[in-house]
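Right, one structure below, let's go through it.
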Amino acid sequence: MTGYPDDLPFFGDEDNFVPAAPAPRQGGIAARAMAARNAAPRYLDGLNQEQRQAVETTEGPVLVLAGAGTGKTRVLTTRIAHILATGRAYPSQILAVTFTNKAAREMKVRIGVLVGEAVEGMPWLGTFHSIGVKILRRHAELVGLSSTFSILDTDDQIRLLKQLIQAEGLDDKRWPARQMAGLIDGWKNKGLAPAEIPEGDARAFGNGKGRLLYQAYQDRLKTLNATDFGDLLMLPIRIFREHPDVLREYHSKFRYILVDEYQDTNTAQYMWLRLLAQRRQADDGSRMPVNICCVGDDDQSIYGWRGAEVDNILRFEKDFPGATVIRLERNYRSTAHILGAASHLIAHNEGRLGKTLFTERSDPDDARVKVHAAWDSDEEARAIGEEVEALQSKSHALNDMAILVRASFQMRAFEDRFVTLGLNYRVIGGPRFYERQEIRDALAYFRVVAQGADDLALERIINVPKRGLGEAALRLMHDTARARGTTLLQAARDLIGTEEMKPKPRAALRNLVESFERWQGLIDRTPHTELAELILEESGYVDMWKNDRTPEAPGRLENLKELITNMESYESLRAFLEHVSLVMDAEQNDEQDAISLMTLHSAKGLEFDTVFLPGWEEGLFPHQRALDEGGRTGLEEERRLAYVGVTRAKKNLHIWFTSNRRIHGLWQSTIPSRFLDELPESHVEVVEAGGAYGGYGHSGYPGRPNPYGASRFDDASPAFSNTYSTPGWQRAQKNRNEATSRNWGSRSGHQVERIGYGETDSGYGAGRGSVKGKTIDGELVAKSVATEPSRFKVGDRVFHLKFGNGNIASIEGNKLTIDFDKAGQKRVLDGFVEPV
DNA sequence: AGGAGGATTTTTTTT
DNA sequence: AAATCCTCCT
């Protein structure tokens, strides 16, 4: 064990923000003594030459280009251990940023192993966001917040924006809050304040009110004493820029900066880093080295859609002149076949820094990458389930296997299958614990108690459980709060003393307000788990679910219990709330043996002996939307995602595609992914259908009954043809086809050869265009309905799929009132009926 | 105010 | 197909 030097003072107190203690001087007696004691530091054992260089080049800017499976995390953790062990810095003087909480956790554990307990003293190891909060809490008043500010989740954010959009007199259908949230997020990722956003962006939303809404949103956040996720990056940047003295504090504090997954940093994160790293002068006027070390792999940049700029990594040497660039190209993870497949695939991308991964493994027994075909997603899940069971019986641990999907909806088929098989599985990053309705409600109660100004939280639970405080009551509270410039809770308090409300809601409101006051009074006197239980009981929230007869109710009560249990490991309600807002994931127990199921995105950084990659079909992977919105860049990002997937596998890799997949409830035939063609034949083996997986599920052939429910491969049923011969749908079809051919026309050579691929016209039309088509359909159909005079006139006889035949009684625009023979009078949209 | 049932939309990936 | 949203009815 290479111990952390005992004689170094421990520096763990995060709140003790003193100017940095001087680091032990290099070459000083103490340092030399330590070096002697650690003559051959064991942590360097087993590193190859490049890795060792990356660990030992502690001074100056360093860029480590680390390909998949080349020991990147090991280098990072060892480097930190090295800095600590050689006495170059105290734990609190190292800033280490990761992207995910998972990665931060793992690094903590691994440094702990290398260095011993000193890792507890690394207060600045975390994600960009968690470190951002820490900085922001310290200096909140500099940006007009108080240090108890709350962090909004996406739900709150959207509700807030919706209010603002409506307040501007805009139609929130035409201008969805979700979209506005996306825009704001994008701007914040670029570090742009409302005044700085491009004019074009500002005009694009809400009849040119984009900028105004953004500003209104920020103002509102300030009065709520709240931030959103983007602010956790933006606001520290603003503080650094506007308060050089604060920035200087951090300059002298952080002696070493390390950044993981540098290829995924967005512009705001980049600015944040540069502000911290690009100091010019030390306090005594001498030039200080910028000890920043960024580790990344341009081939694994998969967060472009979130604003990540691969450019940051390509530009590193310009930003930090004199940087040492170290390449890690020796792969320790995968077989030569898997590595060969991955390299060949990623070589189809342009604009790479270019690395050549190699391995010294060569075992003739290594399996090639296997490509399998299935009829549909059910067969795919069934066959993979079988393969998993077969491996299991050959004593492979489920823990060593993973299924990596492109989109989370794909997970369901596997979950269903594994439940039937009784196979343990673990969903990683799936539907998150803290995003469940009951958990969010409970948290909203806690937020109001802990942060009385949290209007959004109060709004969320004001009528949950039902207390007769509906829209009218809420509107009154809002108006009062706005008129007096107070919080919603204060407005409620004021209102119960007046006659403005009807007696019934007023009593309910009084009851609630008094409860909150009582709970708030208990916050410092009662253990927080106890208080939490008390709140959920007294508010009637628990009873609400106890009385709920839906099948989910018991599960929800379970979740609430688990929530309370989770809270025990935090010291206060506030600490817990902070954790939750940053880490939306509850920790999972990886004790028992289970196969992992997750998206490709959340698989980055992990590895498994056996990996299954289902759903390699055009439109799904590469995803149609990535293609439509990102063009060539989008395609390349998808390819990098495929590369990430392939390189997760150590020994066995199975890739699957199906001929049919259900998209939005409709079966579509699909074309195998172009990425399959980009795999090198020498490393791939195509597993013939038939054999073990042959006879399944080809139930759609005409003449055979389909045991799996309706399928469009059966001859179209009357109901089916009815639905799809409505004029609205036909118009949609026509538009879709036009849109599709436009797409094809504008595409470049690469796709042309694909056309011949899918011989079935349904594969081409339905599979490809459908996603895009739908979006376009929506608009075109809506427009034509709105502007054209109705195709019908009063008295027409029409047919409706659900209600049968009837006569049109009256027409308003595209809405028809129809007297149905059987169903009586109904109002129905024009597109849903057809003339008889 | 609240519920029922019909209409509409949804799914890419995440801190 | 399922979840959410909306409208109308009680």
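Below, chain A is the first sequence line, B the second, and so on; all start at residue 1.
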- request: May I ask you to say whether Arg640(A) pairs ionically with Glu637(A), meaning some side-chain N is under 4.0 Å from a carboxylate O?
  value: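 Yes, Arg640(A) and Glu637(A) are salt-bridged.
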Nearest listed nucleotide, side chain of [X], among [options]:
X	options	result
Asn101(A)	dT15(B), dT13(B), dT14(B)	dT15(B)
Arg625(A)	dT13(B), dT11(B), dT15(B)	dT11(B)
Ala472(A)	dT13(B), dT15(B), dA1(B)	dA1(B)

- request: Answer yes or no as to whether dT13(B) has its base stacked against Tyr303(A), where stacking requires a ring-centre separation under 5.5 angstrom and planes under 30 degrees apart.
  value: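 A stacking contact does not exist, since Tyr303(A) is not both close and nearly parallel to the base ring of dT13(B).
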message: Within the 4.0 Å heavy-atom criterion, would you say Phe621(A) contacts the bases, only the backbone, or no part of the nucleic acid?
response: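 Nothing, no nucleic acid heavy atom in range.
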When the distance from [atom1] of [X] to [atom2] of [N] is rounded to whole Å, what number comes out?
X	N	atom1	atom2	value
Phe409(A)	dA2(C)	CZ	P	15 Å
Glu261(A)	dT15(B)	CD	C1'	13 Å
Leu666(A)	dT10(B)	CG	P	16 Å
Asp231(A)	dT15(B)	CG	P	18 Å
His623(A)	dT14(B)	NE2	P	12 Å
Trp305(A)	dT13(B)	CH2	C1'	4 Å
Gln437(A)	dT4(C)	CD	P	9 Å
Arg178(A)	dT11(B)	CZ	C1'	11 Å

message: At less than 4.0 Å, is any side-chain N or O atom of Ser408(A) found next to OP1 or OP2 of dT11(B)? Yes or no.
response: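 No, because none of the side-chain N or O atoms of Ser408(A) sits under 4.0 Å from OP1 or OP2 of dT11(B).
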- request: Please check the phosphate of dT15(B) (OP1 and OP2 only) for any side-chain N or O of Ser130(A) closer than 4.0 Å.
  value: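 Checking dT15(B) against Ser130(A), no side-chain N or O comes under 4.0 Å of OP1 or OP2.
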message: What's the gap between dT11(B) and dC6(C) when it is taken at their P atoms, as a whole Å value?
response: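 The answer is 15 Å between these two P atoms.
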- request: Provide the distance between the two P atoms, one in dT4(C) and one in dT13(B), to the nearest whole Å.
  value: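 The answer is 15 Å between these two P atoms.
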query: How would you list, by chain and number, every residue that makes a salt bridge (charged side-chain N to carboxylate O under 4.0 Å, His left out) with Glu629(A), sequence neighbours excluded?
result: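 Glu629(A) satisfies salt bridge (charged side-chain N to carboxylate O under 4.0 Å, His left out) with Arg625(A) only.
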task: With sequence neighbours excluded, tell me which residues meet salt bridge (charged side-chain N to carboxylate O under 4.0 Å, His left out) with Glu261(A).
output: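 So Glu261(A) forms a salt bridge (charged side-chain N to carboxylate O under 4.0 Å, His left out) with Lys72(A), Lys604(A).
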field: Asp156(A): which of Arg447(A), Lys162(A), Arg460(A) passes salt bridge (charged side-chain N to carboxylate O under 4.0 Å, His left out)
entry: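 Among Arg447(A), Lys162(A), Arg460(A), the one that satisfies the salt bridge (charged side-chain N to carboxylate O under 4.0 Å, His left out) with Asp156(A) is Arg447(A).
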field: Comparing Pro505(A) and Glu637(A) on DNA chain B - which has the more 5′ nearest nucleotide
entry: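 It is Pro505(A), whose closest nucleotide lies nearer the 5' terminus.
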Could you tell me if [Y] and [X] have a donor-acceptor pair between their side chains, going purely by distance under 3.5 Å?
X	Y	result
Gln624(A)	Asp628(A)	yes
Glu617(A)	Thr658(A)	yes
Asn559(A)	Glu438(A)	yes

task: Kindly indicate, with the supporting measurements, whether the criterion side chain to side chain donor-acceptor pair (under 3.5 Å) is fulfilled by Thr265(A) and Asn312(A).
output: CA-CA 7 Å; Thr265(A) 49; Asn312(A) 292 344; 3.0 Å; yes
Between the protein and nucleotides 2-4 of chain B, list the N/O to N/O atom pairs that are separated by less than 3.5 angstrom.
| from | atom 1 | to | atom 2 | distance (Å) |
| --- | --- | --- | --- | --- |
| dG2(B) | OP2 | Asn463(A) | ND2 | 3.0 |

